[in-house]
Every structure is written in C-alpha cells, then in structure tokens.
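Just so you know, these numbers use all the heavy atoms, side chains as well, and skip hydrogens, waters and symmetry mates.
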Amino acid sequence: AAIKPLRGKRSLTANSYYWQLLGKFRTMLGLSATEAHNIMLDRYGTLYAEDQFVLLPKSVDYLQEEIHYRPIPNRTVEKNGKVWQAYWLVKPSHLYDTKEFSVLIDGLVSECKEIGIETLPPDELARLKQTLKGD
C-alpha cells in the first residue's frame with residue numbers, strides 16, 4: 001500500500017457551500033439533487049479503486065442511484081440476453097479528505113460558471129478552501 005499524506009476531513013463550511021451551489025446548478029438544469037450530485041461525483045469524484053468495478057444492467061440510470069458510479073468507457077458485457085455496463089465505484093463525498101473535496105468544489109464552480117450561475121469571487125473561494133484545512 002502506498003503511503004499517503006495525512007489530510008483532514010472536508011469542512012462544514014465548504015460542504016455547505018457545495019450543497020448550496022449544487023442546488024442552483026440542479027435547479028437551472030432541471031435535475032434532482034441525486035442526479036446533480038452524481039454528475040459531479042462522476043466527473044470530479046474519487047474512485048475507491050480503479051481495479052474494482054461492478055456490472056449493472058445497461059438499462060439502469062446510474063445517476064438516479066444512491067450509490068455513486070462512474071461508467072467505464074467501452075466496457076459492456078452481454079449475458080443471458082442482457083447488456084451490462086461496467087462501473088467504477090466512486091467514494092461518497094462525506095468520506096473525502098480536503099484535497100478530494102477541493103477538486104469536487106472546483107469542478108462544480110467551473111460547471112456553474114459555464115452556465116451562468118454566480119459563484120464566490122476567486123479570493124472568497126480561496127478563503128473558503130482554506131477552511132478545508134480545519135473548520
């Protein structure tokens with residue numbers, strides 16, 4: 001096992017901002033909270049392990065699931081007349097350390113800016129991310 005630097009847990013302040021901004025994102029796009037959160041975790045989340053995956057029927061809408069998945073491109077299996085898609089498991093955000101949560105917030109901020117949602121100014125965002133060091 002690799003030795004990793006010790007990092008703190010995500011902060012409540014940053015978590016609150018994430019969910020507030022995600023609410024604006026989902027409202028603008030007409031998504032449920034689960035869909036919007038899963039989209040962010042799919043794009044910016046941390047995988048449990050790249051060498052572990054699950055198979056779900058291709059017909060399953062993984063963005064509606066409470067467990068978080070990221071589709072593995074071009075990895076399908078046909079079995080018993082059904083098509084199955086391979087997915088990596090994505091860690092739930094409440095388990096993220098400060099670096100992982102910072103990546104998630106940066107991704108959400110970037111996506112919000114692209115569709116015209118106002119976000120914190122860069123200096124305030126930097127201050128908020130400082131709270132990730134210890135709320």
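Ion pairing of K24 with E118 is absent here, as no side-chain N (NZ or NE/NH1/NH2) approaches a carboxylate O to less than 4.0 Å.
L108 contributes atom CG, which lies 10.5 Å from atom CD of Q20 (distance to the nearest 0.5 angstrom). Distance CG/L89 to CG/L47: 8.5 Å, rounded to 0.5 Å. In this structure, the separation between CD on E35 and CE on M40 is 12.0 Å, given to the nearest 0.5 Å. Distance check: L21 CG to L120 CG gives 8.0 Å after rounding to the nearest 0.5 Å.
Between the E65 side chain and the Y62 main chain, no donor and acceptor come within less than 3.5 Å of each other. In this structure a side-chain-to-backbone donor-acceptor pair under 3.5 Å is present from Q85 to I72. Not one N or O on the side chain of Y44 forms a donor-acceptor pair closer than 3.5 Å with the backbone of S102. Here the side chain of R127 pairs no donor or acceptor atom with the backbone of P122 at under 3.5 angstrom. Side chain of N80 to main chain of K82: no donor-acceptor pair is present (N/O by atom type, distance under 3.5 Å, no hydrogens or angles). The backbone N or O of D106 lies less than 3.5 Å from no partner atom in the side chain of S110, so there is not a single donor-acceptor pair. Between the side chain of Y96 and the backbone N or O of K91 there is at least one donor-acceptor pair closer than 3.5 Å. Without hydrogens or angle criteria, N38 side chain to Y69 main chain gives no donor-acceptor distance under 3.5 Å.
Cluster annotation: V83 and V77 are assigned to distinct hydrophobic clusters (Ile/Leu/Val/Met/Phe/Trp/Tyr, side-chain heavy-atom contacts under 4.5 Å, transitive).
Annotation: L29, atom CG; neighbour count of heavy atoms from other residues, nucleotides and ligands within 6.0 Å is above 12.
Looking at heavy atoms from C-beta onward, D61 lies in side-chain contact with Q64 at the 4.5 angstrom threshold.
Annotation: H37 is in aromatic contact with Y18 [ring centroid separation under 6.0 Å].
Take R75 and apply the salt bridge (charged side-chain N to carboxylate O under 4.0 Å, His left out) test, not counting sequence neighbours, and it matches no residue.
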